[in-house]
Novice: 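Just passing along the structure, written as structure tokens.
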Amino acid sequence: MIDKIITKFENYSTIFCFTAMSIITLLGVFCRYVLSNPITWGEELSRYFMIWGILIGISIVTRKKSHLGIDVISSFAPPKLNKSMAVIANVLLILSYALLFCIAVKFVIQSYALGQVTPILRIKFYLIYLALPVGFALSTYRAIQVFWIDFIKVAETEESEKPLQESEVYL
């Protein structure tokens with residue numbers, strides 16, 4: 001249930017952010033070159049939508065296991081080593097996202113204390129920077145979820161489907 005809510009939030013918020021960014025950018029181009037009256041706030045607002053869209057989009061990429069990877073070593077390694085390397089890579093991914101989340105929270109708190117605002121729209125910077133902890137929290141959740149599904153559940157399934165040994169059969 002919670003997973004469906006988070007998935008919908010990720011999907012709809014990234015769609016909204018990138019659609020808004022595109023519309024504002026096109027509006028800015030139209031106003032500048034057709035009406036010869038550029039909008040001053042368009043570039044700033046579209047940048048903030050892009051930031052939020054990208055940082056929430058990281059969790060979607062993590063959920064779909066579509067992030068970039070270098071598979072040169074794993075393509076030549078034996079299957080058992082591949083599985084070990086995949087486990088290590090996933091654990092490092094979880095730890096990285098968690099560390100980035102902690103750093104982002106500290107950054108937002110500092111930004112809030114400073115009270116800075118954006119130059120044109122006068123939006124508090126911490127509201128823009130909130131995209132960092134939100135994005136990294138969602139990404140941490142998704143990385144843990146992928147690890148659980150790929151390694152923990154697979155290991156449990158493999159263990160339960162393993163044929164019984166002669167010594168395990170009781171008469």
Side-chain angles (χ1 to χ4, degrees), residues 1-71 85-153:
M1 177 67 180
I2 292 174
D3 188 55
K4 286 183 181 181
I5 293 169
I6 292 173
T7 300
K8 284 185 179 185
F9 171 75
E10 290 168 339
N11 292 339
Y12 291 134
S13 61
T14 52
I15 290 169
F16 173 77
C17 287
F18 287 120
T19 302
M21 180 190 74
S22 299
I23 290 170
I24 292 167
T25 301
L26 290 172
L27 177 66
V29 169
F30 177 78
C31 289
R32 176 179 297 271
Y33 293 108
V34 175
L35 303 178
S36 297
N37 187 17
I39 53 175
T40 57
W41 49 267
E43 180 186 347
E44 187 175 295
L45 188 58
S46 65
R47 183 182 319 124
Y48 301 144
F49 278 124
M50 181 177 66
I51 290 167
W52 272 90
I54 288 171
L55 286 164
I56 293 173
I58 293 170
S59 64
I60 295 172
V61 170
T62 303
R63 179 184 76 218
K64 294 182 176 186
K65 297 189 281 186
S66 300
H67 51 282
L68 293 175
I70 301 172
D71 62 348
M85 290 188 327
V87 168
I88 291 168
N90 277 291
V91 168
L92 288 175
L93 185 65
I94 292 167
L95 293 175
S96 298
Y97 283 148
L99 177 65
L100 288 169
F101 170 75
C102 293
I103 293 169
V105 168
K106 289 180 184 178
F107 182 69
V108 170
I109 291 169
Q110 287 175 344
S111 176
Y112 179 80
L114 291 174
Q116 292 178 323
V117 294
T118 61
I120 296 172
L121 294 172
R122 314 297 297 165
I123 299 170
K124 300 276 186 184
F125 264 117
Y126 78 89
L127 295 173
I128 284 86
Y129 296 150
L130 271 174
L132 291 162
V134 169
F136 290 129
L138 289 170
S139 298
T140 303
Y141 168 75
R142 291 303 183 183
I144 292 168
Q145 183 183 48
V146 166
F147 180 79
W148 177 263
I149 291 168
D150 285 356
F151 300 107
I152 307 300
K153 279 199 168 184

Novice: Go through it in stages, so that I can follow the logic: the residues are Thr62 and Tyr141, the test is side chain to side chain contact (heavy atoms under 4.5 Å, CB included), and I'd like the CA-CA distance, side-chain angles, deciding distance and then a yes or no.
Specialist: CA-CA 9 Å; Thr62 303; Tyr141 168 75; over 6 Å; no

Novice: In Å and rounded to the nearest 0.5 Å, what is the CD1 to CD1 distance from Ile6 to Ile60?
Specialist: 12.0 Å

Novice: At their closest point, which heavy atom of Tyr97 faces which heavy atom of Ser139, and how far apart are they?
Specialist: CD1-O, 3.4 Å

Novice: After noting the C-alpha distance and the side-chain angles of Val117 and Phe125, does the key distance pass the side chain to side chain contact (heavy atoms under 4.5 Å, CB included) rule?
Specialist: CA-CA 5 Å; Val117 294; Phe125 264 117; 5.7 Å; no

Novice: Tell me, which pairs form a side-chain hydrogen bond (donor to acceptor under 3.5 Å, both in side chains) where one or both residues lie in residues 17-33, sequence neighbours left out?
Specialist: none

Novice: Taking salt bridge (Lys or Arg N to Asp or Glu O under 4.0 Å) as the test, write out the residues that go with Glu44, two or more places apart.
Specialist: none

Novice: Rounded at 0.5 Å granularity, tell me how far CG in Leu138 sits from CD in Gln145.
Specialist: 11.0 Å

Novice: Between Pro119 and Tyr48, which heavy-atom pair has the shortest distance, and what is it?
Specialist: CD-OH, 4.4 Å

Novice: What heavy-atom pair brings Ile128 and Ile123 nearest, and what distance separates the two atoms?
Specialist: CD1-CG2, 3.5 Å

Novice: For the residue pair Phe49 and Phe16, categorise the inter-ring angle as parallel (less than 30°), tilted (30 to 60°) or perpendicular (more than 60°).
Specialist: perpendicular

Novice: CG of Leu35: more than 12 outside heavy atoms within 6.0 angstrom?
Specialist: yes

Novice: For atom OH of Tyr112, is the number of surrounding heavy atoms from other residues, nucleotides or ligands below 6.0 Å larger than 12?
Specialist: no

Novice: Ignoring hydrogens and angles, tell me if any N or O in the side chain of Ser111 forms a donor-acceptor pair with the backbone of Phe107 under 3.5 Å.
Specialist: no

Novice: How many angstroms lie between atom CG of Leu132 and atom CG of Leu55, to the nearest 0.5 angstrom?
Specialist: 5.5 Å

Novice: Check Leu27 against Trp41 and note the closest heavy-atom contact, atom names and distance.
Specialist: CD2-CH2, 4.3 Å

Novice: Identify the heavy atoms of Ser59 and Glu10 that sit nearest to each other, and give their distance.
Specialist: OG-OE2, 2.8 Å

Novice: Which atoms form the tightest heavy-atom contact between Ile120 and Thr40, and what is the distance?
Specialist: CD1-O, 3.1 Å

